[in-house]
Amino acid sequence: MAKVDKSQQEWREQLTPEQYRVLREKGTEAPFSGEYDHVFEPGTYRCAGCGAELFVSDAKYDSGCGWPAFSAPASEEAIDEESDVSFGMKRTEVMCASCGGHLGHVFPDGPHPTGVRYCINSAALKLEEE
């Protein structure tokens, strides 16, 4: 996957303030406030920063957590994961593999068959409807 490399100024010019806060500063939107929390239209969820394909609607489900939830990424190459111990918690952060933008976190309490829940900020996504 091609890597997107932009300066912080270029990101600021391209993204909305909320997208910048989430994608570039590892922010989190308030629960139940995101645009895609209760959207289940068929399509592809792309990175709001670089347009890379991240998730498909077939993997989206209503977890009740307050953020869009997916049982799997579009491909293993779509995302990167790393340990996150901020705020006194031990979590796994999920980032766009193409631009490094913060997407959210993955938890081991999802549905079968994957058993994981990708809890993703709406501000990090752009739905391309079918």
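Side chains included, hydrogens not; waters and symmetry mates left out as well; all remaining heavy atoms used.
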So does [Y] get a backbone contact from the side chain of [X], meaning a donor-acceptor N/O pair under 3.5 Å?
X	Y	answer
Lys26	Gly101	no
Gln14	Gly49	yes
Asn121	Ala123	no

Neighbour count >12 (heavy atoms, 6.0 Å) for atom [atom1], [X]:
X	atom1	value
Asp62	CG	yes
Lys126	NZ	no
Glu76	CD	no

[atom1] of [X] to [atom2] of [Y]: how many Å apart, nearest 0.5 Å?
X	Y	atom1	atom2	answer
Ser71	His112	OG	NE2	12.0 Å
Glu128	Thr44	CD	OG1	5.5 Å
Glu29	Trp67	CD	CH2	8.0 Å
Arg24	Leu15	CZ	CG	7.5 Å
Arg91	Cys119	CZ	SG	9.5 Å
Ser7	Gln9	OG	CD	6.5 Å

If every non-hydrogen atom of [X] is compared with every non-hydrogen atom of [Y], which pair is closest and at what distance?
X	Y	value
Ala48	Gln19	CB-NE2, 3.5 Å
Gly66	Asp37	C-OD1, 3.5 Å
Lys3	Ala97	NZ-O, 2.6 Å
Ser57	Glu41	CB-O, 3.4 Å

> Checking side-chain contact (heavy atoms from CB on, under 4.5 Å) for the pair Tyr45/Val39: CA distance, chi angles, key distance, verdict?
Replying inline: CA-CA 11 Å; Tyr45 287 86; Val39 171; 4.1 Å; yes
Should [X] and [Y] be counted in the same cluster of Ile, Leu, Val, Met, Phe, Trp and Tyr side chains packed under 4.5 Å apart?
X	Y	answer
Phe55	Val4	yes
Leu103	Val106	yes
Leu125	Val116	yes
Leu127	Leu54	yes

> Can you name the one residue among Gln8, Glu13, Glu25 that meets side-chain hydrogen bond (donor to acceptor under 3.5 Å, both in side chains) with Tyr20?
Replying inline: Gln8
> Can Cys47 and Ser98 be said to form a side-chain contact (heavy atoms from CB on, under 4.5 Å), step by step?
Replying inline: CA-CA 9 Å; Cys47 177; Ser98 181; over 6 Å; no
>> Is there a side-chain contact (heavy atoms from CB on, under 4.5 Å) between Trp11 and Leu23? Walk through the geometry before answering.
In response: CA-CA 9 Å; Trp11 285 120; Leu23 285 164; over 6 Å; no
>> Please enumerate all residues that pass salt bridge (charged side-chain N to carboxylate O under 4.0 Å, His left out) together with Glu10, with sequence neighbours excluded.
In response: none
Could you check whether any side-chain heavy atom of [X] comes within less than 4.5 Å of a side-chain heavy atom of [Y], counting everything from C-beta outward?
X	Y	result
Lys60	Pro68	yes
Tyr118	Ile79	yes
Phe70	Val94	no

>> Using 30° and 60° as the class boundaries, would you call the ring planes of Phe107 and His105 parallel, tilted or perpendicular?
In response: tilted
